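All values reported here derive from a predicted model rather than from experimental measurement.
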Amino acid sequence: MNSVRLAPGVALVTVPGRGLAVRTPGGEFLKVATGEVRETDLRRRLHAPDGTPDGPAAASADGDGPSGGTDRALDALVAAFEGAGYATREPLGNGMLTGCQVLLLGDPVLVDPLMRCAWDEGAEVGTITPDRLPRTARRSGGSGRTVVVWCLDGPVPPGLWDEADRLPGHSVAWLRCHREGDTAWLEPLAATTDDVTSAHVRLRRLAATAAHHELGAYWASLSAEGPGSGHSTASAALTAGLLMEDLVAWASGDRSARRRLRRVRVRGLTVSRHPVLPVPEVAPYPASAPASALPVPTDPASAEPPRDASAPAMPTAPESGTPGSVPPESGTAVLPDRESGTAVLPLRESGTPPPASAASESDRPAPASIAPESDKPVPAVPAPAPASTTRAPESTVTGPPRSRAAVPAPRTAGRAPR
């Protein structure tokens, strides 16, 4: 049985006149309501070297009787410390990465300080080569306690991290960093298939810059950099510490660090954080599609608007221009006309157009049953000549205008005799 002790970073503080307080690892002070428990008994229990109860010889500092480990009030108070995370039963010497396997590969300027930090936190540290990544994924057995960390002191060659992006699918966590010029990029840790991979980060960065053509060419060509552009001792230590932050969050089950992209200025030692999300997969375009599924390009100028099937068809002229022809869906017949050349007439109810030789209503003779009111012939009355509509310009009119009474009335031409 392990002894109960204060958690790392927690301290008990005696405040004069106010009792006991606890200082959290974050620097917050909380008042402790000890009740019937004496302060010395609580300190003794939380600082006991082993889990054996305090014996009779262990007397309190104020000379009172023994402080037995069976005191229920004391046990309840210690349990409250454990429940709040201010006391632990873990043995001394265990780090935050105890029980985790950390496999490192990359450039020594970053791998070496990170290896020392992982050792200090109790991790099982080892090295790996890129060709052993598939074997590591198969041997992990889905335990979820193995992480691969790849550190590069330069840009990523094309395709180098493609195989490592598949590790989360085998329950192997995947953490990486690289440097481009004066900026080191620390990409988020990927532990499941829903997390951000290196391919996702590249797509997001290309979408966020107007110089995506140049950035893609830079990644593809790996242009040579000037001398002295690598990590310094200070920037490498800073980068290793930030990577350890992600490893500790992964070991504790904290997922907040899996949507965070960080930039480290190698010369200025400044850190900036940016949120990043995975890129959803898109269905590939089919290699071959049936002819009916392919869109048919049409000329916008000649394209006709869609027509409602329930609406009546509009009369249209025949394409060939021949009188008497009927369009298939027009429902009209085109007949000759003496003034315009053609006339559009509706079809009969039976759907048969009238014959092309049919005359207009004005040319048809009157039926025999309709006779004039008298037998006398009715002389034809010629139509009066249309009056001229041409007006003389105002500049040519001289003299005062004539009155209406002075204008003679026009004679009616062609009046029938009485």
Side-chain angles (χ1 to χ4, degrees), residues 1-102 116-125 143-145 147 173 189 191 240-258 260 273:
M1 177 179 177
N2 296 327
S3 62
V4 181
R5 60 181 178 85
L6 290 175
V10 178
L12 290 178
V13 181
T14 302
V15 183
R18 300 181 64 90
L20 190 64
V22 59
R23 184 188 184 277
T24 65
E28 185 180 4
F29 290 90
L30 304 175
K31 183 178 180 181
V32 180
T34 57
E36 300 177 357
V37 179
R38 293 173 296 187
E39 178 182 341
T40 54
D41 295 341
L42 179 60
R43 286 182 176 274
R44 186 181 300 109
R45 173 69 68 87
L46 294 178
H47 290 277
D50 53 28
T52 60
D54 294 339
S60 59
D62 55 4
D64 293 339
S67 176
T70 58
D71 189 351
R72 295 182 180 180
L74 179 59
D75 293 342
L77 185 58
V78 172
F81 268 76
E82 290 186 79
Y86 303 136
T88 180
R89 294 181 180 270
E90 296 179 359
L92 294 174
N94 286 356
M96 291 176 285
L97 296 180
T98 301
C100 299
Q101 184 183 25
V102 180
R116 291 191 297 268
C117 294
W119 272 112
D120 293 341
E121 292 299 332
E124 180 185 348
V125 184
S143 62
R145 304 298 294 176
V147 58
L189 184 142
L242 295 175
L243 294 175
M244 281 297 301
E245 180 185 357
D246 290 346
L247 292 177
V248 170
W250 161 74
S252 61
D254 185 7
R255 299 178 57 90
S256 60
R258 301 185 189 180
R260 177 182 61 195
R273 294 169 174 82

>> Once side-chain contact (heavy atoms from CB on, under 4.5 Å) is applied, do any residues pair with A123, and if so which ones, sequence neighbours excluded?
In response: L97, V102, A118, V125
> Nearest heavy-atom pair of R145 and A251: which atoms, and what distance?
Replying inline: NH1-O, 3.7 Å
>> Under the rule for side-chain contact (heavy atoms from CB on, under 4.5 Å), what residues qualify as partners of A249, not counting sequence neighbours?
In response: D254, A257
>> Show the nearest heavy-atom pair for residues W250 and A173, with the distance to one decimal.
In response: NE1-CB, 3.7 Å
>> Between the side chains of D41 and R44, is the shortest nitrogen-to-carboxylate-oxygen separation below 4.0 Å, so that they form an ion pair?
In response: yes
>> Applying side chain to side chain donor-acceptor pair (under 3.5 Å) as the test, list every pair that has at least one member in residues 20-29; sequence neighbours left out.
In response: none
> Between CG of L189 and CG of L247, what distance do you get to the nearest 0.5 Å?
Replying inline: 7.0 Å
>> Would the distance check show the side chain of Q101 and the main-chain N or O of E124 forming a donor-acceptor pair, the cut-off being under 3.5 Å?
In response: no
> What are the two closest heavy atoms between A33 and L77, and how far apart are they?
Replying inline: O-CD1, 4.3 Å
> Is there side-chain contact between D75 and R45, with heavy atoms separated by less than 4.5 Å?
Replying inline: yes
>> Run the side chain to side chain contact (heavy atoms under 4.5 Å, CB included) test on L12 and F81 for me, step by step, so that the C-alpha distance in whole Å, both residues' side-chain angles and the decisive distance to 0.1 Å come before the verdict.
In response: CA-CA 11 Å; L12 290 178; F81 268 76; 3.9 Å; yes
>> Once salt bridge (charged side-chain N to carboxylate O under 4.0 Å, His left out) is applied, do any residues pair with R255, and if so which ones, sequence neighbours excluded?
In response: D195
> Is there a side chain to side chain contact (heavy atoms under 4.5 Å, CB included) between K31 and R18 once you walk through the steps?
Replying inline: CA-CA 9 Å; K31 183 178 180 181; R18 300 181 64 90; 5.6 Å; no
> Among pairs that include at least one residue of residues 240-249, which meet salt bridge (Lys or Arg N to Asp or Glu O under 4.0 Å), considering only residues two or more places apart or in two chains?
Replying inline: E245-R260, E245-R262, D246-R260, D246-R262
> Can you list the residues that meet the side-chain contact (heavy atoms from CB on, under 4.5 Å) rule with E39, with sequence neighbours excluded?
Replying inline: T14, L20, R43
> Where do L6 and A11 come nearest, in terms of heavy atoms and distance?
Replying inline: CD1-CA, 4.4 Å
>> side chain to side chain contact (heavy atoms under 4.5 Å, CB included), that's the test. Do L46 and R5 meet it? Break it down for me.
In response: CA-CA 4 Å; L46 294 178; R5 60 181 178 85; 6.0 Å; no
